[in-house]
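Below you'll find the structure, written out as structure tokens, and then a few comments.
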Amino acid sequence: MEKSWILGFLLLLFHHLTAAEPAFGIGGVVGVGVSVGIGNGGVVWVGGGINSPEPPGSSVPRLDRAYTALQAWKSAITDDPLRILDSWNGSDVCSYKGVFCADAQDVMGASIGPFVAGIDLNHANLQGTLVKELSLLAEMSLLHLNSNRFSGMVPDTFRDLSSLEELDLSNNQFSGSFPMVTLYMPSLVYLDLRFNSFSGPLPEDLFNKKLDAIFLNNNHFTGEIPQNLGNSPASVINLANNKLSGNIPFSLGFMGSRLREILFLNNQLTGCIPEGVGIFTEMQVLDVSSNSLMGHLPDTLSCLQDIEVLNLAHNKLSGELPDVLCTLRSLMNLTVAYNFFSGFSQECSRLSFRNVGFDFSLNCIPGRDMQRPQPDCSVIPGGSLNCLRIPTPKPLVCGSLGLSSSSTKKINPSSSSP
């Protein structure tokens, strides 16, 4: 997994060195912040850039706007223990630490001068707020501010950051409701708001936007997960460690093959694991642990042939673990501890011989060690729960429900530019 993030960053760098336009498409998740901007001063990317509608000779106004924006932001930063901003003096913004420039080109490919293409201040430990003047950096494609002490809210003027593809505000002190302005950034594909103090409900439009990565974990979001979750083309969605309630949306079962990881752990979710989970996806990580889910496991979990980590622990699930679940070819870790499962097959007993981690402790499995006391198993939670079941053929046919082309396109969008 770590190698894929590094590869993503190298692709990002290659893009700015060679591309004529700063569009990524939605081919993969990029930009998990590697703090390249805080080492030896600013860096100028030469040869990349954008096809700018501005006439030749307009690079000076472009950098003048950048100077205005960065100086306004500098004045709103109240603590800089690493003295990063000591370099933020003078009009040469491309020499500022954490600021990266690229060479803009006209429609004929001729250079028309540098512009600020990205800001990476990860782990700078800066304290302050974001300022509305940052919207003057309209050509900027990435803003990485992981692990600082920024607080307040995201300015509404950020909707003018029309080229921004990656926004990483993780591990700060931001608060307030979900920053709706992020949904109006037309080029955004990577949104990271984790480890802040955002609160309130998640907006429905979040899952209609062409985001490849959605990290909202470790905030204070409440309410139900929007029912259109399945519309999202994201490959990674992390909603863990919030206060979300209600059922997992049924549309989870119709997410496209791009989905690789989805995490719901440590919320307040109830009801069933939706029928259909696994039919279309090539999911590698599914974690619904530490909720209050009930009922039997859906048959379609057997479609998860690429699943590596399946964590169902600390719920109120019941029934028997099916054979097919324990024969999934890519499985590396299966955790079902702290539930009410009543048994598992010989295939599950063989997981240890495949070096697959298997934790089934504190269930209601007769003849096994470390199970719940018998009185706890006399009444199974959710025994009367009616989980919707879709009749499935035997053997189960995965990846096809005869959807129309229009429905398929909505559920599994192509990787066209956002």
Side-chain angles (χ1 to χ4, degrees), residues 207 224-232 237-242 244-256 259-328 330-331 333-345 348 358-360 362-365 380-392 396 398-399 401 411:
F207 300 112
E224 297 188 2
I225 301 171
Q227 292 301 307
N228 67 330
L229 170 71
N231 285 353
S232 177
I237 298 177
N238 193 337
L239 306 180
N241 300 308
N242 281 286
L244 298 169
S245 58
N247 296 344
I248 297 176
F250 183 74
S251 61
L252 173 64
F254 296 91
M255 298 194 76
L259 184 65
R260 294 294 183 270
E261 300 183 17
I262 189 161
L263 296 94
F264 297 110
L265 67 144
N266 198 22
N267 278 284
Q268 300 167 11
L269 301 174
T270 56
C272 312
I273 297 177
E275 184 73 24
V277 171
I279 288 183
F280 294 104
T281 68
E282 298 173 9
M283 204 182 316
Q284 297 170 347
V285 177
L286 173 61
D287 193 332
V288 299
S289 62
S290 298
N291 284 284
S292 295
L293 301 172
M294 299 181 184
H296 292 204
L297 299 181
D299 295 338
T300 50
L301 284 177
S302 64
C303 291
L304 294 174
Q305 291 300 319
D306 293 320
I307 197 77
E308 297 176 0
V309 176
L310 179 58
N311 193 344
L312 310 174
H314 291 270
N315 280 288
K316 301 175 182 179
L317 299 165
S318 57
E320 292 194 2
L321 293 178
D323 288 353
V324 289
L325 189 64
C326 294
T327 58
L328 293 173
S330 301
L331 195 62
N333 190 289
L334 173 61
T335 305
V336 299
Y338 289 89
N339 279 287
F340 291 85
F341 290 112
S342 57
F344 56 77
S345 69
C348 295
F358 180 36
D359 185 356
F360 56 88
L362 291 167
N363 278 278
C364 297
I365 305 174
I380 303 299
S384 61
L385 185 66
N386 183 21
C387 294
L388 176 64
R389 291 293 188 226
I390 301 175
T392 54
L396 185 64
C398 301
L401 284 182
I411 292 169

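Heavy-atom basis, side chains included; hydrogens, waters and symmetry copies ignored.
- At distances below 3.5 Å, at least one donor-acceptor pair connects side-chain atoms of Asp287 with backbone N or O atoms of Ser289.
- Atoms CG and CZ, on Leu334 and Phe344 in that order, are 10.0 Å from each other to the nearest 0.5 Å.
- Although no hydrogens or angles enter the test, the distance criterion places a donor-acceptor pair under 3.5 Å between the side chain of Asn311 and the main chain of Ala313.
- More than 12 heavy atoms of other residues, nucleotides or ligands lie within 6.0 Å of CZ in Phe358, so this atom counts as buried by the packing criterion.
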CA sep, side-chain torsions, deciding dist, call: Leu269, Val288, side-chain contact (heavy atoms from CB on, under 4.5 Å): CA-CA 9 Å; Leu269 301 174; Val288 299; over 6 Å; no
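- Of all heavy-atom pairs spanning Asn315 and Ser292, the tightest one is OD1-N, 3.3 Å.
- Under the 4.5 Å side-chain criterion, counting only non-hydrogen atoms from C-beta, Asn291 is not in contact with His314.
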side-chain contact (heavy atoms from CB on, under 4.5 Å) between Leu317 and Val336, worked out: CA-CA 9 Å; Leu317 299 165; Val336 299; over 6 Å; no
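- Listed for the Ser290 side chain is no donor-acceptor partner under 3.5 Å among the backbone atoms of Asn266.
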Considering only distance and modelled atom types, tabulate donor-acceptor pairs under 3.5 Å from the side chains of residues 319-328, sequence neighbours left out.
residue: Asp323; atom: OD1; partner: Ser345; partner atom: OG; Å: 2.4
residue: Thr327; atom: OG1; partner: Val324; partner atom: O; Å: 3.0

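- The distance from atom CZ of Arg260 to atom CD of Gln284, rounded to the nearest 0.5 Å, is 5.5 Å.
- Under a 3.5 Å cut-off, the side chain of Ser330 and the backbone N or O of Glu308 do not form any donor-acceptor pair.
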Worked verdict on Leu263 versus Leu239 for side-chain contact (heavy atoms from CB on, under 4.5 Å): CA-CA 6 Å; Leu263 296 94; Leu239 306 180; over 6 Å; no
Candidate pair Asn238 and Glu261, rule side-chain contact (heavy atoms from CB on, under 4.5 Å), full reasoning: CA-CA 8 Å; Asn238 193 337; Glu261 300 183 17; over 6 Å; no
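- Across Leu259, Ile273, Thr281, Leu301, a single residue satisfies side-chain contact (heavy atoms from CB on, under 4.5 Å) together with Leu286, and that is Leu301.
- A distance of 7.0 Å separates CG in Asn228 from CZ in Phe207, rounded to the nearest 0.5 Å.
- Residues Asn363 and Asn339 bring no donor and acceptor atom of their side chains to less than 3.5 Å of each other.
- Remark: side-chain polar atoms of Asp306 are not paired, donor with acceptor, to backbone N or O of Met283 under 3.5 angstrom.
- Closest approach of Pro274 and Pro298 over heavy atoms only: O-CG, 3.7 Å.
- Within the 4.5 Å cutoff, the side chain of Leu293 has heavy atoms near those of the Ile248 side chain.
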Worked check of ring-ring contact (aromatic ring centres under 6.0 Å, His included) between Phe341 and Phe360: CA-CA 9 Å; Phe341 290 112; Phe360 56 88; over 10 Å; no
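- Side-chain atoms of Ser302 come within 3.5 Å of backbone N or O of Asp299 as a donor-acceptor pair.
- For the residue pair Thr335/Asn333, the side-chain donor-acceptor check at 3.5 Å is satisfied.
- A donor-acceptor pair under 3.5 Å is absent between the side-chain atoms of Asn267 and the main chain of Ser245, judged by distance alone.
- The two residues Ser318 and Ile380 come nearest to each other via the heavy atoms CB-CG2, 3.4 Å.
- Closest non-hydrogen pair, Ile262 versus Met255, comes out as CD1-SD, 4.3 Å.
- Minimum interatomic distance between Ser251 and Gln227 (heavy atoms only, all atoms of both residues): OG-O, 2.7 Å.
- The shortest heavy-atom contact between Phe280 and Gly253 is CD1-O, 3.5 Å.
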